[in-house]
Amino acid sequence: MTTGRALADLRDAAVDLSRKSGIAILPEEVSSVYLNDFGLGEFEETGLAVLRFVDTQLVSVKLMLLLPGQTCPEHRHRPVEGYPGKEETFRCQWGECYLHLPGPPTPDPKAVPPARRRDHYTVWHEIGLRPGDQYTSPSDTLHWFQGGPEGAAVWSFCSRVVVGADEFTDPQIRAALASRYQEAR
Ligand code: ZN
């Protein structure tokens, strides 16, 4: 479990990453950085920090901050009620990010998922993103990604976000998020 003090340090690390990214960010935006641990309490291994800039009924724009080796776990954005599901474009702003998608497995990928969760990672086609590189993941397509040796600041340009439509491969994350949604109701 990540302690309060460690969490403050992690927040500082995320803010530091956002500064390195060179993007103009207001102090109140910096203080609103969201640390997502996907309910696992292992933020440094499985998690990411998020700065959300636009979140409307049509689009979402956010900056995702990944610590070195930190992983956003495998998931897909499911279709719901006539909506094909969230389409997501990743664009690297700073550092290096390894995006994984369905396709021919990359020999010797740079990303290594957390060892005890390895079974919950099933797509192994790796796309390395450096500043200026971008890639669009179609809706309803499995993907996961990891920060490089110095971490990464990565834009996410998306169509509409639907709460509860993200399906994670790891059953422990599915259970944790399900109980979180339940509490929020
Ligand atoms: Zn996604």
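Ligands are counted one by one from 1 in listed order, and the atoms in each one are counted from 1 as well.
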Do any N/O/S atoms of H75 come under 2.8 Å of the Zn ion (ligand 1)? yes

Taking both backbone and side chain into account, is any N, O or S atom of C72 nearer than 2.8 Å to the Zn ion (ligand 1)? no

Any side-chain donor-acceptor pair under 3.5 Å between T122 and E74? yes

Using a 3.5 Å distance criterion without hydrogens, assess whether the side chain of S179 forms a donor-acceptor pair with backbone atoms of A176. yes

Salt bridge or not for E42 and R117, using N-O below 4.0 Å? yes

What N/O/S atom of E88 is the closest to the Zn ion (ligand 1)? OE1

Using ring centroids (six-membered ring only for Trp), state whether H75 and F38 fall under 6.0 Å. no

